[in-house]
Q: 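Can you read through this structure? Questions will come right after.
In the text below, chain A, chain B and the rest are named by the order of the sequence lines, each starting its count at 1. In what follows, every heavy atom counts, from backbone to side chain, and hydrogens, waters and symmetry copies are set aside.
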Protein chains: 4
Amino acid sequence: MSADITTARRGRPRSEKARDAIVHASIELLLERGVAATTVDAVAVAAGVSKATIYRWWSTKETLAMDALYQEWATTSPAVDTGSVRADLRTLLCPWAELAARRPYGRIIAGLLVEVVSNPDFALEYRARFLEHRREQGRVILQRAIRRGEIPADTPIEIVLDMLYGPVYHRLLHGHAPIDDVFVCQVIDTVLDGIKPDPADRADAAS
Amino acid sequence: MSADITTARRGRPRSEKARDAIVHASIELLLERGVAATTVDAVAVAAGVSKATIYRWWSTKETLAMDALYQEWATTSPAVDTGSVRADLRTLLCPWAELAARRPYGRIIAGLLVEVVSNPDFALEYRARFLEHRREQGRVILQRAIRRGEIPADTPIEIVLDMLYGPVYHRLLHGHAPIDDVFVCQVIDTVLDGIKPDPADRADAAS
Amino acid sequence: MSADITTARRGRPRSEKARDAIVHASIELLLERGVAATTVDAVAVAAGVSKATIYRWWSTKETLAMDALYQEWATTSPAVDTGSVRADLRTLLCPWAELAARRPYGRIIAGLLVEVVSNPDFALEYRARFLEHRREQGRVILQRAIRRGEIPADTPIEIVLDMLYGPVYHRLLHGHAPIDDVFVCQVIDTVLDGIKPDPADRADAAS
Amino acid sequence: MSADITTARRGRPRSEKARDAIVHASIELLLERGVAATTVDAVAVAAGVSKATIYRWWSTKETLAMDALYQEWATTSPAVDTGSVRADLRTLLCPWAELAARRPYGRIIAGLLVEVVSNPDFALEYRARFLEHRREQGRVILQRAIRRGEIPADTPIEIVLDMLYGPVYHRLLHGHAPIDDVFVCQVIDTVLDGIKPDPADRADAAS
DNA sequence: CGGTAATCGAGACGGTACGTCATGTCTTACA
DNA sequence: TGTAAGACATGACGTACCGTCTCGATTACCG
């Protein structure tokens, strides 16, 4: 990942100032206009940088958009152990949902999803950086809950994760309803209540 | 809404053959390549139609993509009354999920969402045609379930709808896991079980 | 040219009103914008006529422009016999030059010449209607002058005609200098004086 | 006018190879088809160049056509002093007329005149490059002839120039007769003889 | 402290799709 | 059959963006 500190690199070193300016300009333009309407030329101008410098470090506009989004999106609240699943999940999801709602990140995510659904390599990279990291934190919480006996041992964890993140992404991308704490808490509650049901109610589920 | 049957329309009438060819060619190209990589020229050639004819009826590529997707997507299974919520929801969601999984519709939807998150007018139209119609059917089912006493009267219906559709869209757009009947049924079961919880478990929910 | 009055033509007869409106609208638009910038649609709208009606009677825009120009341009002052070549030529050329100078006919002529230099059939038609008619009148004057003994019998008539019309067209098309009576008369005088020179001056012409 | 030799020019320098290829391809296509039928796309393909590169340097097709024509047309025979007006004018006009007759330059000129008669700015530029340069050489010859006493001091030089160039352009654009040395020499002779007439013949000219 | 080498800015380049526009044809219903 | 209305195929237009490239200038290290 990081260059060997003893390996001296020849030539002029990469300008960190330029990198920061590019990522910063990108995120602003992307949030304002979305991926499609953000041109690399515009980023270059806004960052006070040459277009060649951008393409030297990012092979496509989407790769740059991914890095730019990651910069903001990766503020990871560690999966703290509060003692209860419910609180753990709230601690995990609420700050993230708040972040998602604060600015139109949906514009960038939608643009990246276009690439995800068509470009398998990009999809791998995208999921690793934006989905898997957060899912892993949820997974830890759920497994801890199993150990604690809060939820059944046969809980379908992957599906539960989709039920926690899916509704938030749904509103983020479609914009038909707001993403607020009430919404997130209700989702968490319903999921948690749903995975430890009263057996008596499930009589008709077998049909 | 309907044209006056006695009012003769002047001029050459619109070619329905051309319209069909355009929509057909579009859906094929869109599924194959996605919205961004589908060019209007390519649609025109594939449909054996002039580019001008396309632009006469669809102002943007996204509008055309919406119409093309709608053609396939709008196969509405009416919200039949099977007698139980669980079966009603399965009848509603399973065929739709199967359809969604059969071909890469995610490619088109992602392309349309790009427009949705940036263009409010388009978003209204999109939601009316692709979200609201299906949500309304789910709403009917849930309200019937309330009348039957299967679920509480204070069930937060809109959130429940997001919990039913959101996870499916999540997998459709991110492609991290398959959309099969097991998944859809599990989502339905968890949601239904979650909205009629044992009151005793909710002690900490009030905080 | 004209339809046989005894031949009964089936169906609706051609609308002379439409023909006039088309030619009239054409000439106005052509003078205002030139041939290239005048669209057939615009002519149709201005004439209150269908585009199909225009194409029924004129196969191309240029053909229509030719007819429209001819309408105005064909005001033929008959080659009157005043008794002297000089006066005959003035009577022939001055009114025509005045007409040419009154409105920007050069715009239409330039547009037609584009077709002339590339389309031999059009060139034949154009020359027959716009050049040959006027040249013939000049030819008659010059031949009369030969019979009268005003100019030599071996006068190269075709070249003389080019020397009379060429300078006027030159100014008409290039617009570098005005076309007025002084100019036209000077051209006539110089040509007439040039074709009956003092033989003594031509000593070096043989080299 | 000339760039400061010490001022280093930033960025990739303009490709002279591309410029030459564009002008070359243009002149060939223009001569073959005329201005209207020459598409910028065709020029780009023939020159092995991007369309954007053409539009970067030439704002319109006509501007490009002007540059392309100028490349060939600007072969200036300097106004040599042979000792007699007649020979001077022949030396000036005959090679030019030969050039004009060799290939269908009329096709290009007609196309440019369309712009000349409608676009005043273009007209200025066109006249400066294609008319004025040659007229100036004729002017020099005629003024030298006045000093020598070969022609009257009050010779209307501008009109004489129109009488020398006009007939050639007339045949070039209308194509009704060939442009050969006999024609050009006859024009020169007639004009020269016409501007030093026998005063006795001009009796009726004053009216 | 001068050479080497990678970076940077500027901006021209080939390529490709865009959405518009004009031409000339065709298809209706009406006169 | 001629006409108005207007949809149609064709194809060029001029613009815009992408990602590559070629310059001269800059900035480190390395010898």
Q: Holding to salt bridge (Lys or Arg N to Asp or Glu O under 4.0 Å), I want the full list of residues that pass it with C/Glu72, two or more places apart in sequence or in another chain.
A: none

Q: So do the side chains of A/Trp58 and A/Val40 get within less than 4.5 Å of each other, counting heavy atoms only?
A: no

Q: Do B/Trp57 and B/Arg14 come within less than 4.5 Å of each other through their side chains, counting heavy atoms only?
A: yes

Q: Between C1' on E/dT28 and CD on B/Glu16, what's the gap in Å once rounded to a whole number?
A: 15 Å

Q: Identify each donor-acceptor pair in which a side-chain atom of residues 108-119 of chain C lies under 3.5 Å from a protein atom, sequence neighbours left out, and give them as a table.
A:
unit_1   : atom_1 : unit_2   : atom_2 : d
C/Glu115 : OE2    : C/Asn119 : ND2    : 3.4
C/Asn119 : OD1    : C/Asp121 : N      : 3.2
C/Asn119 : OD1    : C/Phe122 : N      : 3.2

Q: What is the per-nucleotide protein-contact pattern of nucleotides 21-27 of chain E, from the 5' end, where B denotes a base atom under 4.0 Å from a protein heavy atom, S denotes such proximity for sugar-phosphate atoms only, and - denotes neither?
A: BSBBBBB

Q: Please name all residues satisfying salt bridge (Lys or Arg N to Asp or Glu O under 4.0 Å) with C/Lys51, sequence neighbours left out, ordered by chain then number.
A: C/Asp41

Q: Just to confirm, is there a sub-4.0 Å distance from OP1 or OP2 of E/dG14 to any side-chain nitrogen or oxygen of D/Thr53?
A: yes

Q: Please report, rounded to the nearest Å, how far the P atom of F/dG2 is from the CZ atom of B/Arg10.
A: 17 Å

Q: Return yes if some donor-acceptor pair links the side-chain N/O of B/Thr53 with the main-chain N/O of B/Val49 below 3.5 Å, else return no.
A: no

Q: With A/Arg107 as the cation and A/Trp73 as the aromatic partner, state whether NZ or CZ is under 6.0 Å from the six-membered ring centre and within 45° of the axis.
A: no

Q: Nearest whole Å is fine: how far is E/dC8 P from A/Ile54 CD1?
A: 11 Å

Q: Would you jot down, in residue-number order, the residues of residues 112-122 of chain A having a non-hydrogen atom under 4.0 Å from DNA chain E?
A: none

Q: What is the separation between atom CZ on B/Arg14 and atom P on F/dA9, rounded to the nearest whole Å?
A: 12 Å

Q: Base, sugar-phosphate, or nothing: which does D/Trp57 touch, judged by heavy atoms less than 4.0 Å apart?
A: sugar-phosphate

Q: Let me know, please, whether D/Val49 or A/Arg19 comes out on the 5' side of the other along DNA chain E by nearest nucleotide.
A: A/Arg19

Q: Without decimals, in angstroms, what is the distance between B/Arg56 CZ and F/dG6 C1'?
A: 7 Å

Q: Is there side-chain contact between A/Met66 and A/Val35, with at least one heavy-atom pair below 4.5 Å?
A: no

Q: To the nearest Å, give me how far apart NZ (A/Lys17) and C1' (F/dT26) are.
A: 13 Å

Q: Distance-only criterion, 3.5 Å: show the donor-acceptor pairs between side-chain atoms of residues 22-33 of chain A and protein atoms not counting sequence neighbours.
A:
unit_1  : atom_1 : unit_2   : atom_2 : d
A/Ser26 : OG     : A/Ile22  : O      : 2.8
A/Glu28 : OE1    : A/Arg103 : NH2    : 3.0
A/Glu28 : OE2    : A/Arg103 : NH1    : 3.4

